[in-house]
Structures are given as structure tokens and as C-alpha cells.
Amino acid sequence: MQNPFQLIGRAVLGLFAEIGRLAVFSAQVMGAAFTPRWYGGQILSQMVKIGFYSLPVVGMSAVFIGAALALNIYEGGSRYGAEQFVPSIVVLGITRELGVVITGLMLAGRVTAGIAAEIGAMRVTEQIDALETLSASRFRYLYAPRFIAALITLPMLVALADIIGVMGGWLVSVYGLDFDSTVYLRNTLDFVTRNDILAGLIKAVVFGGVIAVMGCYQGDRSQAGATGVGRAATLSMVGAAVLILAFNYIMSTIFVEIGL
């Protein structure tokens, strides 16, 4: 049997090696994304795949999250006679946290796994090798358009999720909890600030980058066969979800410190 310290050391070294490979890969993707040449057709195509095709799942998730949030806040607030704070807490929770996090996690499941499977299939069928044989960079032609499209579309989806989530809370509050519609909407608009919305949109940009990079990274490292492609899709989804939650905490801490 191996020494347990050897096993722990090997696991730690493997973790740091993986972090290093991911950091180098991310730098290469961003270098290709922020320097010419750009493939406009590829970017627009990926924006449709990432953004437009994700609208139904994002909209449905947002309305149910807003409705459930309103119900739970009302239940908790009613114990202390604080039901009037439901609109304020709903809009704050949706715009700063839940709207962007739920959208990011939904896209981690739908988009990241899809990118990893697509890139992985191209890797195992040697299409990427053929592309590089023609002196075309896979980072510039394949990965950068997905990265740019995710950066652009995720804030749009988050803005839509915020609106739908708040309206989900409004529906439950007005038609289920007997709130006055005009008062509810006025309290919502009076409480939410530009910083609340901006904080969520900044997170959305970061999460978009995470979603695209993780999908491309795992797909690029995919092993031969259907099993390898499936494993790459699973790892990309799990990795993106974990990184989204980690970055959300880090960014929330920074925003609190700087007063955003």
C-alpha cells in the first residue's frame, strides 16, 4: 500500500497542474478573443445557439425562482409582521444573486456541456487536427467566437431573467398573497438601485467567460470514443457550475468591500 501522504501529495500536485493548464488555456482563448482577426459569422451563430436557444429555460427558471422567493420571504416576514418588505427583498435577491446565478447554472448545464460535446467530437474525429493542418488556429476560429458570444449574450439573458423573476414574485404576491399591485411595483422600483443591477451584469460577464472556457477546455482534452466525449461534457458542466458558485462568492465579497 502507498503512503497516504504520497496519495495526498499526488492529488494536490495534480490539482495545481490542472489549474495551471486551465489558466494557460484561458489566457490563449482570451488572447485570441481580444485581438484580430475575428470571425463575425461564427460569433453570430454562437450568439444564437447560446443566447436565443436558452431563452425558454432561462425564462421558466426565473419566473419560478421569483415566485418561490416571494412565498418564502412572505412566510418568514409574517412571523415578525414584516410582510411589506417582500418586494424589496425579492428585487434585491433576484438582481444581485439569484437571477445571475440561476442563469449561469442553467447555461452551465445546457451550453457548457454542448460546447464540450461539440468540440470533443471534432477532436476525436480529427477535425481540429485538419483545421490546424490548414494553418487555421483552433483558438481563433473555434474557441474565441464561443467565448465572445458568451460574454455578450449572458448579460442579456441575466437582464431578462431579472425582469421575469421580479414579475414572478409580483404575480404570486398580487394574486396569491393579496398585495396591492401598484404599491408592490412602486416599492420595487423605489428600492432597486443602479448598483444592484450593475453587480449582476458584471457577474454575468464573468460567468459567460467561465461557461465558454470550461466547455472548450474539456472538449479540447476529450479522449477518443463516445465515452471520452461524454466524460468531457460531464466534467465541463460540473467544473463550470463549481467555478460559477466560487466566483459568485468572491465577487460578492469584493462588491461588499467596495460598496457596489
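All values derive from a computational prediction rather than experimental measurement. Side chains are part of it too, since the values below use all heavy atoms of this structure and drop only hydrogens, waters and symmetry mates.
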| message | Would you say that L107 contacts V58 through its side chain, given a criterion of any heavy-atom pair below 4.5 Å between the two side chains? | response | yes
| said: Applying a strict under-4.5 Å side-chain criterion to I, L, V, M, F, W and Y, I'd like to know whether V166 and L171 cluster together. | reply: yes
| query | How long is the span from the CG atom in L55 to the CD1 atom in I164, to the nearest 0.5 Å? | reply | 8.0 Å
| message | Show, in sequence, the C-alpha distance, side-chain angles and deciding distance for L177 and L71, and conclude whether the side chain to side chain contact (heavy atoms under 4.5 Å, CB included) test is met. | response | CA-CA 8 Å; L177 304 176; L71 283 173; 4.1 Å; yes
| query | Of the non-hydrogen atoms in A150 and A212, which two are nearest, and what is the gap between them? | reply | CB-CB, 3.9 Å
| task | Please say whether more than 12 non-hydrogen atoms of neighbouring residues, nucleotides or ligands are located less than 6.0 Å from CZ in R231. | result | no
| query | According to a 4.5 Å side-chain heavy-atom criterion applied to Ile, Leu, Val, Met, Phe, Trp and Tyr, with indirect links allowed, do V256 and M251 form part of one hydrophobic cluster? | reply | no
| query | To the nearest 0.5 Å, what is the distance between CD1 (I94) and CD1 (I163)? | reply | 12.0 Å
| remark: d(T153 OG1, K49 NZ) to nearest 0.5 Å is 13.0 Å
| field | Heavy-atom side-chain contact between I73 and F85 under 4.5 Å | value | no
| field | Partner of E97 by side-chain contact (heavy atoms from CB on, under 4.5 Å), out of I102, L92, N248 | value | N248
| query | Among the clusters formed by ILVMFWY side chains lying less than 4.5 Å apart, do F52 and L44 turn up in the same one? | reply | no
| query | Does S236 use its side chain to pair, donor to acceptor, with the backbone of A233 at less than 3.5 Å? | reply | yes
| request: Could you grab the distance from atom CE of M214 to atom CG of L243, nearest 0.5 Å is fine? | output: 5.5 Å
| message | Quick check: closest heavy atoms across L201 and P155, and the distance to 0.1 Å? | response | CD2-O, 3.6 Å
| query | Considering only heavy atoms from C-beta outward, does the side chain of W170 approach that of T188 to under 4.5 Å? | reply | no
| task | Could you grab the distance from atom SG of C216 to atom CZ of R138, nearest 0.5 Å is fine? | result | 10.5 Å
| message | Below 30° counts as parallel, above 60° as perpendicular, anything between as tilted: where do the rings of F139 and F25 land? | response | tilted
| Where is the tightest heavy-atom contact between S222 and R123, given as atom of each residue plus distance? | O-CG, 3.8 Å
| task | Please test Y184 against V86 for side chain to side chain contact (heavy atoms under 4.5 Å, CB included), starting from the C-alpha separation and ending with a verdict. | result | CA-CA 9 Å; Y184 186 98; V86 169; 4.3 Å; yes
| Where S173 and A70 come nearest, the two heavy atoms and their spacing | OG-CB, 3.8 Å
| Around atom CZ of F34, are there more than 12 heavy atoms of other residues, nucleotides or ligands at under 6.0 Å? | yes
| Above 12 or not: heavy atoms from other molecules or residues under 6.0 Å from CZ of F247? | no
| request: Please answer: with hydrophobic residues joined when any side-chain heavy atoms are less than 4.5 Å apart, are V57 and M167 in the same cluster? | output: yes
| message | Could you check, using the six-membered ring where one of them is a Trp, whether Y143 and Y217 have ring centers closer than 6.0 angstrom? | response | no
| field | L160 side chain reached by T103 side chain, heavy atoms, under 4.5 Å | value | no
| task | Inspect the surroundings of CZ in F64 and state if more than 12 heavy atoms from other residues, nucleotides or ligands are less than 6.0 Å away. | result | no
| Taking all non-hydrogen atoms of both residues, which atom of A32 and which atom of W38 are closest, and how far apart? | O-NE1, 4.3 Å
| query | Would I8 and V12 satisfy side chain to side chain contact (heavy atoms under 4.5 Å, CB included), going step by step from the backbone distance to the final call? | reply | CA-CA 6 Å; I8 295 173; V12 172; 4.3 Å; yes
| said: Looking at Q42, is its backbone amide N or carbonyl O close enough to the side chain of R146 to form a donor-acceptor pair, meaning the two atoms are under 3.5 Å apart? | reply: no
| query | Is there a chain of hydrophobic side chains (I, L, V, M, F, W, Y, each step under 4.5 Å between heavy atoms) that links L235 to V229? | reply | no
| When you look at Q218 and I119, which way does the side chain to side chain contact (heavy atoms under 4.5 Å, CB included) test go after all the steps? | CA-CA 8 Å; Q218 294 295 345; I119 298 297; over 6 Å; no
| query | Nearest heavy-atom pair of Q84 and N187: which atoms, and what distance? | reply | O-ND2, 4.5 Å
| said: Rounded at 0.5 Å granularity, tell me how far CD1 in I211 sits from CD1 in I50. | reply: 8.5 Å
| 4.5 Å side-chain heavy-atom contact, L105 and V101 | yes
